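Please read all numbers here as calculations on a predicted model, not as lab measurements.
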Amino acid sequence: MLSELSEWFWQERRWFPEGLGWADLEDRDGRVYAKARDLWVALPIALIFLIIRQIFERMVATPLASLLGVEDTVRLKVPHNPTLESYYCNITKNPTQSSVASLCKKTGYSERQVQRWFRRRRNQDRPSLLKKFREASWRFTFYLLAFIAGLAALIDKPWLYDLKEMWQGFPVLTLLPSQYWYYMIELGFYGSLLFSVASDVKRKDFKEQIVHHVATILLISFSWCVNYIRCGTLIMLVHDSSDYLLESAKMFNYAGWRNACNYIFIVFAAVFIVTRLVIFPFWIIYCTWVYPVTIYKPFFGYYFFNGLLMTLQCLHIFWAILIIRIAIRFLTNNEKVDDERSDKDETDESEEEGDEEAGEKKHMKKNGPVQNGHTVHNNNHRKRQ
């Protein structure tokens, strides 16, 4: 059953133009070609990345955070209450007004106390500033090194300057050592991101990030198997060219360096728009969608590959809208650059409660005693002498 499925899946007519097949990619005369079995190397590389990340975050990112003045948020812990905890974990983290009233009866808490309990409990689940900084610094380091390495590997290649060279001699394209390691390291890194997604900072575009990681892994793997390697290296280079700028802007944002964050973000927005909304669709996708059909008839692999590229492009458009919205707010109103995808801490607590208590005391002096935030009126008309 499995052998029949494998045979059906790897049919030559599915992955190659007419007249070409797997036999054309057999090593011969000292020329080496990409093999599907090579992709297994990415699994240990992904595990190595997870180990290196733990060491990096403890030995490099944490001291760097201290040096830049990143202060972790001190959050007040909620008192243990089984009823509220059960409701929070099993039903919803944001109870409605009617639910709050019901919980007040069950717990004996006032409405304000229940709302405060849920607000603090939500804040407890949010990642700390230090965790966000360490994650951003790890990604910044990888993306920057990957971009430099990719540029070094491609700087002398003709297909970097003339995209039609990607298909010159396809699919019989010799595999270079620089291409091999560039592919395996990128694939291993995205594999490690997929493995660590459960423990990483969760943002509002969590689902889009999962789709992006899966599409990227499929794209890298497929382009390797059918020798679309020249195209694959260009796609990875285009993506790495802006990602390190975003991560560095996040680092400065977490450190409270507002001006540095704002200006780096504007540079990132410009690079992102040029690379993802201009170069990627009008150069790379054009060259994978339009030019190949002038050389050979379309086949399943052609549609599959371009379908993955279009999936990435849809995500690029989604993120570009968020980026442009943030950039416009900054340029027109000089507002602070914030990541719209991140959950922000709700006002918690000591400051708000201190203000409330001060207000209540002031109100008490002026209008008499208060109960649950409301003035208690004397309905006995007058005091007995």
Side-chain angles (χ1 to χ4, degrees), residues 53 56-75 123 126-148 150-151 193 200-206 208-209 212 237-279 315-352 355:
R53 176 178 176 175
F56 176 88
E57 289 187 355
R58 292 182 184 181
M59 306 297 293
V60 179
T62 301
L64 180 61
S66 178
L67 185 67
L68 292 177
V70 177
E71 295 181 357
D72 216 354
T73 308
V74 178
R75 298 190 176 108
N123 282 341
R126 291 188 172 93
S128 67
L129 206 59
L130 181 59
K131 178 179 174 63
K132 291 180 181 179
F133 180 89
R134 290 191 302 197
E135 182 179 310
S137 60
W138 164 247
R139 296 192 184 198
F140 163 77
T141 303
F142 175 82
Y143 289 137
L144 178 60
L145 293 177
F147 175 66
I148 294 171
L151 195 59
L193 290 183
D200 284 347
V201 175
K202 288 183 176 61
R203 295 182 169 85
K204 294 175 183 177
D205 64 345
F206 176 75
E208 289 81 1
Q209 286 284 358
H212 175 267
L237 183 69
V238 165
H239 282 73
D240 291 337
S241 63
S242 61
D243 287 342
Y244 69 91
L245 291 169
L246 174 62
E247 300 302 331
S248 62
K250 289 182 188 176
M251 292 168 63
F252 284 115
N253 182 38
Y254 301 145
W257 293 31
R258 178 177 175 180
N259 288 336
C261 167
N262 291 348
Y263 294 127
I264 291 175
F265 182 83
I266 295 303
V267 175
F268 158 74
V271 174
F272 184 95
I273 290 169
V274 170
T275 56
R276 308 288 182 95
L277 299 187
V278 179
I279 293 176
L315 293 172
H316 295 165
I317 294 170
F318 169 77
W319 284 318
I321 292 171
L322 296 180
I323 291 166
I324 292 170
R325 196 158 59 190
I326 296 171
I328 289 174
R329 277 210 312 264
F330 166 66
L331 293 173
T332 56
N333 302 323
N334 197 29
E335 292 183 13
K336 179 184 176 182
V337 168
D338 275 323
D339 189 352
E340 287 196 350
R341 303 170 304 157
S342 297
D343 286 336
K344 298 177 179 62
D345 280 7
E346 299 170 76
T347 305
D348 178 296
E349 326 244 319
S350 50
E351 217 176 287
E352 180 192 16
D355 290 344

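Residues passing the side-chain hydrogen bond (donor to acceptor under 3.5 Å, both in side chains) test with His239 are His316, sequence neighbours excluded.
Note: Ser248 OG to Arg139 CZ = 14.0 Å, rounded to the nearest 0.5 Å. Separation of atoms CG (Asn253) and CG (Leu129) is listed at 8.0 Å; rounding is to 0.5 Å. Once rounded to the nearest 0.5 Å, the distance linking CG of Leu277 with CD1 of Ile323 reads 8.5 Å. Distance check, rounded to the nearest 0.5 Å: CG of Leu315 to CH2 of Trp319 gives 4.5 Å. Between atom CG of residue Asn262 and atom CH2 of residue Trp257 there is a gap of 14.0 Å, rounded to the nearest 0.5 Å.
Considering every non-hydrogen atom in both Phe268 and Ser242, the closest pair reads CD1-O, 3.2 Å. Pairing each heavy atom of Ala61 with each of Phe133, the nearest pair is O-CE2, 3.5 Å. For Val271 against Ser241, the heavy-atom pair with the smallest separation is CG1-O, 3.8 Å. Closest non-hydrogen pair, Phe147 versus Asp240, comes out as CB-O, 3.8 Å. Heavy-atom minimum distance, Gly150 versus Leu237: C-CD1, 3.8 Å. In terms of heavy-atom proximity, Val238 sits nearest to Thr275 at CG1-O, 3.6 Å.
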Show your reasoning for whether side-chain contact (heavy atoms from CB on, under 4.5 Å) applies to Ile273 and Ile324.
CA-CA 9 Å; Ile273 290 169; Ile324 292 170; 3.9 Å; yes

Go through the steps to decide whether Tyr244 and Phe142 satisfy the test side-chain contact (heavy atoms from CB on, under 4.5 Å), and finish with yes or no.
CA-CA 8 Å; Tyr244 69 91; Phe142 175 82; over 6 Å; no

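Annotation: side chain of Met251 is in contact with side chain of Leu64 (closest heavy-atom distance under 4.5 Å). When side chains are defined from C-beta on, Phe265 does not count as touching Phe252, because their heavy atoms never get closer than 4.5 Å. By the 4.5 Å heavy-atom criterion applied to side chains, Leu68 and Tyr254 are not counted as neighbours.
For residues 259-268, the set of pairs meeting the salt bridge (charged side-chain N to carboxylate O under 4.0 Å, His left out) definition, not counting sequence neighbours, is empty. Listed by first and then second residue, the salt bridge (charged side-chain N to carboxylate O under 4.0 Å, His left out) pairs that reach into residues 263-277 are Asp243-Arg276, sequence neighbours excluded.
Using a 4.0 Å cut-off between charged nitrogen and carboxylate oxygen, Glu135 and Lys131 do not count as a salt-bridge pair. Salt-bridge annotation for Lys250 and Glu247: present, with a side-chain N of the basic residue lying under 4.0 Å from a carboxylate O of the acidic one.
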